[in-house]
Amino acid sequence: MTHTVRPQEVDRSALEEKPLAPPSATPLDGEVLVRGRVEFANDDRTIISGVWESDIGSSRWEFTTRGEIVHILSGTMVVQRDGEEAVELTGGTAAFFPIGWAGVWTVVEPVRKFYVVYR
């Protein structure tokens, strides 16, 4: 079966809301609310994909056991890998966070992304 999703059309009310917290990420400047929904996961959950939104805020991410590929649908965030220059991600941008990536994500305008997490 082919599974499809139109991530920009997923209604916000269909997303689960919760505060961002470890082990996903550590908020750096107070509570950051995120919303998400898993759209696909393979049987052993080595690949998980879905839709995710974040309110404005900064958080530290450490991809020690997994990597992530994102496609930003709307909003703006700045990501800065430890020891590297910051990169701005806006609607239409794809980014790759390989296993071992560690740094800070700063959402400056609420973001909606489609993601694929792999282990």
Side-chain angles (χ1 to χ4, degrees):
M1 170 198 247
T2 300
H3 183 88
T4 64
V5 63
R6 295 183 187 276
Q8 285 185 280
E9 296 174 13
V10 172
D11 189 88
R12 185 177 226 186
S13 66
L15 304 177
E16 177 187 354
E17 183 174 278
K18 61 184 176 183
L20 183 64
S24 293
T26 303
L28 298 176
D29 55 4
E31 185 175 86
V32 178
L33 285 179
V34 297
R35 289 159 294 285
R37 182 170 89 180
V38 172
E39 296 289 341
F40 170 83
N42 65 346
D43 290 340
D44 63 0
R45 297 188 64 82
T46 56
I47 300 174
I48 302 169
S49 182
V51 177
W52 185 85
E53 292 183 345
S54 176
D55 287 349
I56 293 170
S58 293
S59 51
R60 176 148 183 90
W61 292 76
E62 295 184 2
F63 292 94
T64 57
T65 62
R66 65 187 178 106
E68 183 172 350
I69 300 165
V70 302
H71 180 234
I72 304 299
L73 302 167
S74 62
T76 303
M77 64 189 272
V78 175
V79 298
Q80 185 168 14
R81 187 175 192 169
D82 293 346
E84 295 184 4
E85 294 289 321
V87 176
E88 183 178 77
L89 306 179
T90 59
T93 305
F96 305 87
F97 300 93
I99 295 170
W101 193 98
V104 174
W105 290 10
T106 301
V107 176
V108 295
E109 179 182 305
V111 163
R112 177 177 275 213
K113 70 177 182 178
F114 178 76
Y115 68 88
V116 176
V117 170
Y118 59 90
R119 297 184 192 279

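Positions are given from 1, in the same order as the sequence printed here. Quick caveat: nothing in here was measured; it's all calculated off a predicted structure.
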- Item | Exercise: identify the closest heavy-atom pair between P7 and V51 | CB-CG2, 3.8 Å
- Query: Any link between L28 and V79 through a network of hydrophobic side chains (Ile, Leu, Val, Met, Phe, Trp, Tyr) touching at under 4.5 Å?
  - Reply: no
- With sequence neighbours excluded, give me every ring pair (Phe, Tyr, Trp, His ring centres under 6.0 Å) pair touching residues 14-40. none
- Item | side chain to side chain donor-acceptor pair (under 3.5 Å) against S59, all qualifying residues, sequence neighbours excluded | W61
- Side-chain contact, heavy-atom cut-off 4.5 Å: V70 with M77? no
- Task: Could you list the residues that satisfy side-chain contact (heavy atoms from CB on, under 4.5 Å) with V108, not counting sequence neighbours?
- Result: T76, T106
- Note on the structure: side chain to side chain donor-acceptor pair (under 3.5 Å) filter on T46, not counting sequence neighbours, yields N42, D44
- Closest approach of G67 and I99, non-hydrogen atoms and distance? N-CG1, 3.5 Å
- Task: Can you sort out the partners of T64 under side chain to side chain donor-acceptor pair (under 3.5 Å), two or more places apart, ordered by chain and number?
- Result: none
- Minimal heavy-atom distance between E39 and H3, with the atoms involved, is O-NE2, 3.0 Å
- Name all residues meeting the ring-ring contact (aromatic ring centres under 6.0 Å, His included) criterion together with F97; count only those two or more places apart in sequence or in a different chain, and write none if there are none. F63, W101, W105
- Listed by chain and number, what are the side-chain contact (heavy atoms from CB on, under 4.5 Å) partners of E16, not counting sequence neighbours? K18
- Note on the structure: Rounded to the nearest 0.5 Å, the CD atom of E31 sits from the CG atom of L33 at a distance of 5.0 Å
- Of all heavy-atom pairs linking L20 and P27, the shortest is O-CG, 3.1 Å
- Note on the structure: Of all heavy-atom pairs linking P98 and R81, the shortest is CG-NH1, 4.2 Å
- Query: Got P19 and V34 here, is their nearest side-chain heavy-atom distance under 4.5 Å?
  - Reply: no
- Query: Is there a path from W52 to V10 through hydrophobic residues (I, L, V, M, F, W, Y) whose side chains come within less than 4.5 Å of each other?
  - Reply: no
- Message: Within this structure, what is the OH-CD1 distance for the pair Y118 and I47, rounded to the nearest 0.5 Å?
- Response: 11.0 Å
- Any Y115 side-chain heavy atom under 4.5 Å of V38 side chain: yes
- Qualifying side-chain hydrogen bond (donor to acceptor under 3.5 Å, both in side chains) pairs, either residue in residues 84-97, two or more places apart: none
- Task: Identify, with sequence neighbours excluded, every residue that meets salt bridge (Lys or Arg N to Asp or Glu O under 4.0 Å) alongside E17.
- Result: R35
- Note on the structure: By side-chain contact (heavy atoms from CB on, under 4.5 Å), R45 pairs with (sequence neighbours left out) A41, I48
- Message: Run the side chain to side chain donor-acceptor pair (under 3.5 Å) test against E62 and tell me which residues pass, sequence neighbours left out.
- Response: R60
- Could you pull out the closest heavy-atom pair between E109 and V107, with the gap in Å? O-CG1, 3.3 Å
- Item | Partner residues of R66 under the salt bridge (Lys or Arg N to Asp or Glu O under 4.0 Å) criterion, sequence neighbours left out | E68
